[in-house]
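Data first, discussion second: the structure below is written as structure tokens.
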Protein chains: 2
Amino acid sequence: MKMSELSAATGLAIPTIKYYLREGLVPPGVRTARNQADYGHDHVHRLRLIRALVEVGELPISTVAAIVAAVDDETRSTHDVLGVVHHALALRGAHGDEPTEVDDAVPEIEALLADLGWRVSPRAPAVRELARVLVTLRRLGWEVGTEVFRRYARAADQLAAWELKQTGRSGRRAETVEGAVVGTVLFEAALAALRRLAEEHHSAARFGAPEPTSARQQEPTG
Amino acid sequence: MKMSELSAATGLAIPTIKYYLREGLVPPGVRTARNQADYGHDHVHRLRLIRALVEVGELPISTVAAIVAAVDDETRSTHDVLGVVHHALALRGAHGDEPTEVDDAVPEIEALLADLGWRVSPRAPAVRELARVLVTLRRLGWEVGTEVFRRYARAADQLAAWELKQTGRSGRRAETVEGAVVGTVLFEAALAALRRLAEEHHSAARFGAPEPTSARQQEPTG
DNA sequence: GAGTATGGATCGTAGCACTATCCAGCGGCC
DNA sequence: GGCCGCTGGATAGTGCTACGATCCATACTC
């Protein structure tokens, strides 16, 4: 398969594919001549994986590069790769310098996790992310403790238990690892979308317009 | 309060505040002279709201502008404002031109929602988002139908029902609306973080390193 | 064998979220 | 009451990301 065919098969522009090759997100094709290379279905699949992580997961290219490198690294276990993905997802909104309040809130989150019986690395990035949410709520005037997360934690626990039971039934590393990555990223988006739909459903009952047929949907300017 | 005090109170640089004023995210201060203006606690609170939506919600500034405009618009109901927020959150990953596959998948999602008994606007942006996740899964080789979303939908339904019961007990519009916005955005992040922690907990049991004390955490390059 | 396409390297670009500079005008302190 | 620094507002510039455009010698196609 030539690059133009690869482009046609994935819907990506050739300069985009070249960019991904440069950044190491896609392995180079098999060189057949000085200006000729051959790409296969693996390249098509890899590009689809990249676009899934970029478009649905909204991950920066550099992060996707780290993830696919971990996926390709045969020495890494599934749990290990999942750690990279979790790091990547939590890193999205982190801008380096954070107020000390967040550090102060971390022990609260750790206490919650201990109470839930979850054994996670204390350096798990999601811990800081939860702490950030907690201090943000408080800065906005919500006088809350970690108990506001309880109901979400229970739901998350049930979902994760079920997910992990589904994972890796093929037994082959490549499939298991990619399945875990894709599942983590895509179903995070799906869960968020479903929660919003459920919110809309229940909100209509609580605050909604009396006539559901005339429910207007706004197009924010932009 | 002068702008320098506003800056100190929020931790934001003065040029950043000026930028938000220009973009209309923050109302202008009360002018006391040609080069003097007075800001109050409302401004502090507004800036905190903006930073919450930007940092935790990862929304672009233009979207935050649309949201605060809707919050400020007294003629909009809570349900109405929630629609703007949902639109904003779903819009994050949309880049305009989408393959027709997504349109083809939308009826499948609608059938799922009908089956769940959720009454939502057919134009709800989260519907397309779910459709995008579905086609993305299929492009990656997952031969799945909408039933993969069932378990997530049930969890989302229970959470949303509980959330909406909590919402707006003060009865005052401003508080209710902002509470709904903040809750939607911040708890989306919290739920995602909790799911990842739960995944890590269950993944350790399923794939994990035998020694939890030596569980290494990777720092992706970057 | 003429014309077009190919892979690789280099440079350029659009959009976003600020950031720096400039400017006249006020404020406050001696 | 003089002066220096800070004020708010306008304009232009910056750094980053994710590409896109161009150029080149070479090779495939008809």
Side-chain angles (χ1 to χ4, degrees), chain A residues 1-40 43 47 50-55 57-66 68 88 91-97 221-222, chain B residues 1-40 43 47 50-68 88 91-97 221-222:
Chain A
M1 201 188 292
K2 293 186 295 187
M3 192 181 273
S4 60
E5 296 171 292
L6 187 59
S7 167
T10 59
L12 296 174
I14 288 180
T16 303
I17 297 174
K18 288 184 177 182
Y19 170 59
Y20 293 163
L21 284 164
R22 279 202 303 278
E23 299 296 313
L25 279 80
V26 180
V30 178
R31 295 290 293 274
T32 62
R34 185 175 290 278
N35 65 345
Q36 222 68 22
D38 195 44
Y39 304 94
H43 290 90
L47 287 171
I50 293 167
R51 293 314 292 176
L53 297 180
V54 167
E55 287 172 8
E58 302 190 53
L59 300 176
I61 293 295
S62 60
T63 299
V64 174
V68 298
L91 217 70
R92 286 183 295 188
H95 297 299
D97 52 334
T221 61
Chain B
M1 202 189 292
K2 292 186 296 187
M3 192 180 272
S4 60
E5 296 171 291
L6 188 59
S7 167
T10 59
L12 296 174
I14 288 180
T16 303
I17 297 173
K18 290 184 177 182
Y19 170 59
Y20 293 162
L21 283 164
R22 278 201 304 279
E23 299 296 314
L25 280 80
V26 181
V30 178
R31 294 290 291 274
T32 62
R34 185 175 291 278
N35 67 344
Q36 222 70 22
D38 195 44
Y39 304 94
H43 290 90
L47 287 170
I50 292 167
R51 293 313 293 176
L53 298 180
V54 167
E55 287 172 7
V56 180
E58 301 189 54
L59 299 176
I61 293 295
S62 60
T63 299
V64 174
I67 289 175
V68 297
L91 218 70
R92 287 184 295 188
H95 296 300
D97 51 334
T221 59

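To find a chain, count down the sequence lines: A is the first, B the second, and so on, and within it residues start at 1.
- Remark: A:Ile50 CD1 to A:His43 NE2 distance equals 10.0 Å, nearest 0.5 Å.
- The distance from the CE atom of B:Met3 to the CD1 atom of B:Ile17 is 6.0 Å, given to the nearest 0.5 Å.
- Following rounding to the nearest Å, A:Met1 (CE) and C:dT6 (P) show an atom-to-atom distance of 14 Å.
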Point to revise | nucleotides 18-24 of chain D: protein proximity per nucleotide (B base, S sugar-phosphate only, - neither; heavy atom, under 4.0 Å) | key: BBB----
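- For A:Leu25 and D:dT17, the CG to P distance is 14 Å, given to the nearest whole Å.
- A distance of 11.0 Å separates CD1 of B:Ile14 from CG of B:Leu21, quoted to the nearest 0.5 Å.
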Give me the distances for all protein-to-nucleotides 23-27 of chain C N/O pairs that come in under 3.5 Å?
| unit_1 | atom_1 | unit_2 | atom_2 | d |
| --- | --- | --- | --- | --- |
| C:dG25 | N2 | B:Asn35 | ND2 | 3.1 |
| C:dG25 | N3 | B:Asn35 | ND2 | 2.6 |
| C:dC26 | O4' | B:Asn35 | OD1 | 3.2 |

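- Atom OG1 of residue B:Thr10 and atom OH of residue B:Tyr20 lie 9.5 Å apart, to the nearest 0.5 angstrom.
- The interatomic distance linking B:Ile14 (CD1) with C:dT21 (C1') rounds to 15 Å, in whole Å.
- If you take OG1 on B:Thr16 and CG on B:Leu25, they are separated by 12.0 Å, rounding to the nearest 0.5 Å.
- Here the straight-line distance linking atom CD1 of A:Ile61 with atom CZ of A:Arg22 works out to 11.5 Å at 0.5 Å rounding.
- Note: CE (B:Met3) to C1' (D:dG5) measures 17 Å, nearest angstrom.
- Here A:Tyr19 pairs with nothing under the side-chain hydrogen bond (donor to acceptor under 3.5 Å, both in side chains) rule; sequence neighbours left out.
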